[in-house]
Amino acid sequence: MNSTKITVVARIIVKEEKRDFVKNELMKLIDITRKEKGCINYDLHQDNNNPNLFIFHENWENKELLETHLQNDHLKQYLEATDGCVNEFIIHELTQIG
């Protein structure tokens, strides 16, 4: 198993009229994800200048445990619930180099 820590930055831009709904759905992910094996941190942020922009900053023990997270039912349920409510959803997987 690869032991390299993985950092994830997920950028989510939501439709203005769906902002509160999506924010609520994103909040539901926090506690359950923080209990997952391999989750170091899972922090949700909302942009101060653009309230339709949400950022997850996450750290995972390794790529394999991140992949397990991405297949979990609660994430699939979030994606189904928010289908059509999000303008942009970009995930960056990063490795710390310094």
Where do Lys15 and Gly84 come nearest, in terms of heavy atoms and distance? NZ-O, 2.8 Å

Between the CD atom in Glu17 and the CG atom in Asn52, the distance rounded to the nearest 0.5 Å is 8.5 Å

Please round to the nearest 0.5 Å and tell me the distance separating atom NZ of Lys23 and atom CE of Met27. 7.0 Å

What pair of heavy atoms forms the shortest contact from Ile32 to Lys28, and how long is it? CG2-O, 3.8 Å

Determine whether Val14 and Phe54 make a side-chain contact, defined as any pair of heavy atoms from C-beta on separated by less than 4.5 Å. yes

In one Ile/Leu/Val/Met/Phe/Trp/Tyr side-chain cluster, 4.5 Å: Val8, Val86: yes

Asn48, CG atom: more than 12 neighbouring heavy atoms under 6.0 Å: no

Worked verdict on Gln71 versus Lys76 for side chain to side chain contact (heavy atoms under 4.5 Å, CB included): CA-CA 7 Å; Gln71 298 304 314; Lys76 291 175 186 174; 4.2 Å; yes

Can you list the steps and then say if Thr82 with Gln77 is a side chain to side chain contact (heavy atoms under 4.5 Å, CB included)? CA-CA 9 Å; Thr82 60; Gln77 290 167 1; over 6 Å; no

Please report whether the ring centroid of His69 lies less than 6.0 Å from that of Tyr42. yes

Honestly curious: do Val9 and Leu26 fall in one hydrophobic cluster under the side-chain, below-4.5 Å linking rule? no

Using a 4.5 Å cut-off on heavy atoms from C-beta on, say whether the side chain of Glu36 contacts that of Trp60. yes

Do you know the tightest heavy-atom contact between His74 and Leu29? O-CD2, 3.5 Å

Atom pair OG1 (Thr4) and CD (Glu64), whose distance is rounded to the nearest 0.5 Å: 9.0 Å

Measure across Phe21 and Ala81 and return the closest heavy-atom pair with its distance rounded to 0.1 Å. CE2-O, 3.4 Å

To the nearest 0.5 Å, what is the distance between NZ (Lys5) and CG (Leu66)? 13.0 Å

Provide the closest heavy-atom pair for Phe89 versus Ile91 in the form atom of the first, atom of the second, distance. CZ-CD1, 4.0 Å

Glu93 bridged to Lys63 by N-O distance under 4.0 Å: yes

Could you pull out the closest heavy-atom pair between Leu65 and Asn62, with the gap in Å? N-OD1, 2.9 Å

Check each of Arg19, Arg11, Glu88, Gln46 against Leu53 using the side-chain contact (heavy atoms from CB on, under 4.5 Å) test, and report the only one that passes. Arg11

Roughly how far, to the nearest 0.5 Å, is the CD1 atom of Ile12 from the CD1 atom of Ile55? 7.5 Å

Check the side chains of Glu58 and Asn41 for a donor-acceptor pair under 3.5 angstrom, ignoring hydrogens and angles. no

Side-chain heavy atoms under 4.5 angstrom apart, residues restricted to Ile, Leu, Val, Met, Phe, Trp, Tyr: same cluster for Ile40 and Ile30? no

Working to the nearest 0.5 Å, report the span between CD1 of Ile6 and CG of Asn59. 9.5 Å

Applying a strict under-4.5 Å side-chain criterion to I, L, V, M, F, W and Y, I'd like to know whether Val22 and Leu79 cluster together. yes

